[in-house]
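Here is the structure we will look at.
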Amino acid sequence: MPRALITGVTGQDGSYLAEFLVAKGYEVFGLVRGQNNPRVPAVRRVAPAVRLLNGDLRDLPSLIGALDAAQPDEVYNLGAVSFVGMSWRQAELTSEITGIGVLRMLEAVQIHTHNDMGRIRFYQASSSEMFGKVREVPQNEATPFHPRSPYGVAKTFGHFMTVNYRESYGAYACSGILFNHESPRRGHEFVSRKVTRGVARIAAGLEDTISLGNLESRRDWGFAGDYVEAMWLMLQQDEPDDYVVATGVTHSVRDLLDIAFNRVGIRDWARHVAQDPGLLRPAEVDLLVGDASKARSRLGWKPRVDFRTLIESMVDADLAATEREARSRRRVIS
Ligand code: NAP
Ligand code: G4F
């Protein structure tokens, strides 16, 4: 039975990856931070077989301890402060966890394996946010980076550290440069979920408006369930390498609003959307669209869920959640 350790198991990708690896017959360990993490019950619900270990990407001994306990064949480093908008307000913390945390995890593998790093296959969750002010369209593995946020800068540090440990110590370390991927498990702070949840609440008469920032920015949005398969495929190759994972199709935040509001029969959504200058970012990434030809040809990976299907499924899930919430409120009142 292969063994895997996932950092960030309580996040969106961590939960899909845990489910995926359990279904593949892995013994899965998940790193959880904090003494009473409120997201643990959700992990237990979707992947009850996962064994949870305490640890924090700010604390090297805890990472070594987790590796010693899990004895993994594969490590997926997904833990991060992942919300770009917050990274300007907490630049130091973001650098500490999203950037230096990668170095700490690589060091922990080095120590745990007694300098025989090739024994463990290591996946680093890099990001299209590293392309930032893009130098070419679409972006591929050779496109230069120009990050536009403290988050993007921290991810670029983690990316090159991963490459460096591969080149310096023979680590089997891969960096997945993943473009935006979403799902009904996405955090409420990200624009896709903020919109689908807001639309569901407006349809239920609970709210009237969604406050948003820049409606013109464009992203290459895919489905998280498809993207965790690409992470796993990267670690099954003969040689470690870096891969862009994307759909190759870009949409604006306006397109997202069109599809989400249409799903509940609202065509003229402008009266339900307030533009809040406070939500504009100090520096924006205007356009992301990825070229995943390398992942397609070498890994045999391709996305299965298109943008419309993804957003409609998120609206449907949020409508169901809103209905459940309303039912339980009615029960309390009666
Ligand atoms: P997410 O839902 O925000 O999950 C982040 C995870 O990191 C959570 O489990 C969180 O745990 C954990 N974490 C935060 N600080 C930590 C610390 N100090 N020590 C250990 N764990 C810590 O993010 P996601 O969307 O699943 O993304 C997974 C990874 O892929 C992240 O590294 C993200 O930056 C990267 N990425 C995501 C996308 C995307 O579109 N989703 C695209 C490219 C790259 P808590 O429960 O304790 O908060
Ligand atoms: O959903 P977002 O916050 O995602 P963003 O910044 O692209 O980052 C996500 O994808 C990255 C991969 O490229 C990951 F590495 C990262 O961890 C994260 O998962 O914002 C998307 C776009 C931005 O241009 C933002 O300015 O939507 C725009 N937007 C407009 N109004 C908004 C809002 N974003 C958020 N979060 N909230 C708004 O109200």
Side-chain angles (χ1 to χ4, degrees), residues 6-18 30-34 36-40 42-43 54-59 62-63 66 76-87 93-94 96-98 100-102 104-105 123-132 139 147-149 151-152 154-155 158-159 175-183 185-195 198 210-224 227-228 231 244-246 251-254 256-257 273-276 278-288 290:
I6 303 172
T7 74
V9 75
T10 53
Q12 170 191 253
D13 292 7
S15 77
Y16 279 104
L17 181 64
L31 190 83
V32 173
R33 72 168 166 158
N36 186 17
N37 190 312
R39 294 160 94 187
V40 162
V43 178
N54 283 112
D56 194 303
L57 285 165
R58 289 167 292 190
D59 182 43
S62 74
L63 302 178
Y76 295 85
N77 187 38
L78 311 186
V81 172
S82 79
F83 183 36
V84 173
M86 202 184 86
S87 74
L93 183 70
T94 303
E96 185 61 48
I97 297 171
T98 305
I100 308 280
V102 184
R104 255 183 230 111
M105 200 63 220
Y123 173 84
Q124 169 54 22
S126 288
S127 164
S128 52
E129 187 70 15
M130 301 187 303
F131 295 121
Q139 299 84 50
R148 296 271 280 172
S149 60
Y151 168 84
K155 279 287 176 192
H159 171 81
S175 170
I177 307 173
L178 270 51
F179 283 62
N180 300 51
H181 44 278
E182 321 294 311
S183 74
R185 299 182 197 168
R186 189 60 146 147
H188 297 175
E189 65 274 37
F190 300 96
V191 75
S192 63
R193 187 74 196 285
K194 189 170 173 182
V195 166
I210 310 173
S211 291
L212 293 172
N214 182 7
L215 304 189
E216 312 310 328
S217 55
R218 302 184 71 87
R219 291 289 183 275
D220 180 331
W221 276 293
F223 170 53
Y227 285 40
V228 299
M231 298 175 188
V244 158
V245 177
H251 290 277
S252 65
V253 175
R254 280 184 193 280
L256 163 65
L257 286 160
V273 173
Q275 283 200 263
D276 178 353
L279 293 170
L280 296 174
R281 295 177 176 178
E284 180 61 278
V285 172
D286 297 320
L287 162 72
L288 288 176

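Order of listing sets the numbers, starting from 1, for every ligand and every atom in it.
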Working to the nearest 0.5 Å, report the span between CD of Q124 and CG of N77.
-> 5.0 Å

Find the distance between CZ (R281) and OG (S217) and round it off to the nearest 0.5 Å.
->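 Answer rounded to 0.5 Å: 7.5 Å.
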
Run down the list [options] and name the one with the heavy atom closest to [atom].
atom: atom 31 (C) of ligand 1; options: L78, N54, V43, D13; result: L78
atom: atom 1 (P) of ligand 1; options: G8, A66, S82; result: S82
atom: atom 40 (O) of ligand 1; options: H181, Q12, R185, R219; result: H181

Report the part of T10 in contact with ligand 1, treating N, CA, C, O as backbone and CB onward as side chain, heavy atoms under 4.0 Å; options are side chain, backbone, both, neither.
->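 For T10, the contact with ligand 1 is made by both the backbone and the side chain.
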
Region of F83 engaging ligand 1 - heavy atom pairs below 4.0 Å =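 For F83, no heavy atom sits under 4.0 Å from ligand 1.
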
Under 30°, 30 to 60°, or over 60°: which ring-plane class applies to Y76 and Y123, parallel, tilted or perpendicular?
->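 It falls in the tilted class, 30° to 60°.
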
What I want to know is whether [X] and ligand 1 share at least one N or O pair that is separated by under 3.5 angstrom.
X: D56; value: yes
X: N77; value: no
X: A80; value: yes
X: S127; value: no
X: R186; value: yes
X: N37; value: yes
X: L57; value: yes
X: G11; value: yes

Looking only at protein heavy atoms, which one is nearest to [atom], and how far off is it?
atom: atom 43 (C) of ligand 1; answer: L178 O, 3.1 Å
atom: atom 15 (N) of ligand 1; answer: R33 CZ, 3.3 Å
atom: atom 30 (O) of ligand 1; answer: A125 CB, 3.4 Å
atom: atom 44 (C) of ligand 1; answer: S126 O, 3.3 Å

State the atoms of ligand 1, each with its element, that fall below the 4.0 Å cut-off from a heavy-atom position in [X].
X: K155; result: 31 (C), 32 (O), 33 (C), 34 (O), 35 (C)
X: I97; result: 15 (N), 16 (C), 17 (C), 18 (N)
X: G79; result: 7 (O), 12 (C)

Looking just at side-chain N and O atoms, do [X] and [Y] make a donor-acceptor pair shorter than 3.5 Å?
X: H181; Y: D13; result: yes
X: S126; Y: S175; result: yes
X: Q139; Y: S128; result: no

Does ligand 2 have any N/O atom under 3.5 Å from a protein N/O, and what are those pairs and their distances?
unit_1, atom_1, unit_2, atom_2, d
ligand 2, 1 (O), V191, N, 2.9
ligand 2, 3 (O), R281, NH2, 2.9
ligand 2, 6 (O), R281, NH1, 2.6
ligand 2, 7 (O), N180, ND2, 2.8
ligand 2, 7 (O), R219, NE, 2.8
ligand 2, 10 (O), N180, ND2, 3.0
ligand 2, 13 (O), S128, OG, 2.6
ligand 2, 13 (O), N180, OD1, 2.8
ligand 2, 17 (O), S82, O, 2.7
ligand 2, 17 (O), Y151, OH, 2.8
ligand 2, 19 (O), R186, NH1, 3.3
ligand 2, 19 (O), R186, NH2, 2.8
ligand 2, 24 (O), S217, OG, 2.7
ligand 2, 24 (O), R219, NH2, 3.0
ligand 2, 24 (O), E284, OE1, 3.0
ligand 2, 24 (O), E284, OE2, 3.0
ligand 2, 26 (O), E284, OE2, 2.6
ligand 2, 31 (N), G213, N, 2.9
ligand 2, 36 (N), E189, O, 2.9
ligand 2, 39 (O), K194, NZ, 2.9

Looking at F190, is R193 sitting on its ring face, NZ or CZ under 6.0 Å from the six-membered ring centre and within 45 degrees of the normal?
-> no

Pi-cation contact, Y16 with R185 (under 6.0 Å, within 45°) |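 The answer is yes; both the distance and angle limits are met.
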
Passes side chain to side chain contact (heavy atoms under 4.5 Å, CB included), V9 versus V32? Steps please.
-> CA-CA 7 Å; V9 75; V32 173; 4.0 Å; yes

Candidate pair S211 and L279, rule side chain to side chain contact (heavy atoms under 4.5 Å, CB included), full reasoning | CA-CA 8 Å; S211 291; L279 293 170; 4.2 Å; yes

Not counting sequence neighbours, which residues clear ring-ring contact (aromatic ring centres under 6.0 Å, His included) with Y151? List them please.
->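 For Y151, no residue satisfies ring-ring contact (aromatic ring centres under 6.0 Å, His included) once neighbours in sequence are set aside.
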
Minimum side-chain heavy-atom gap V191-L212 below 4.5 Å | yes

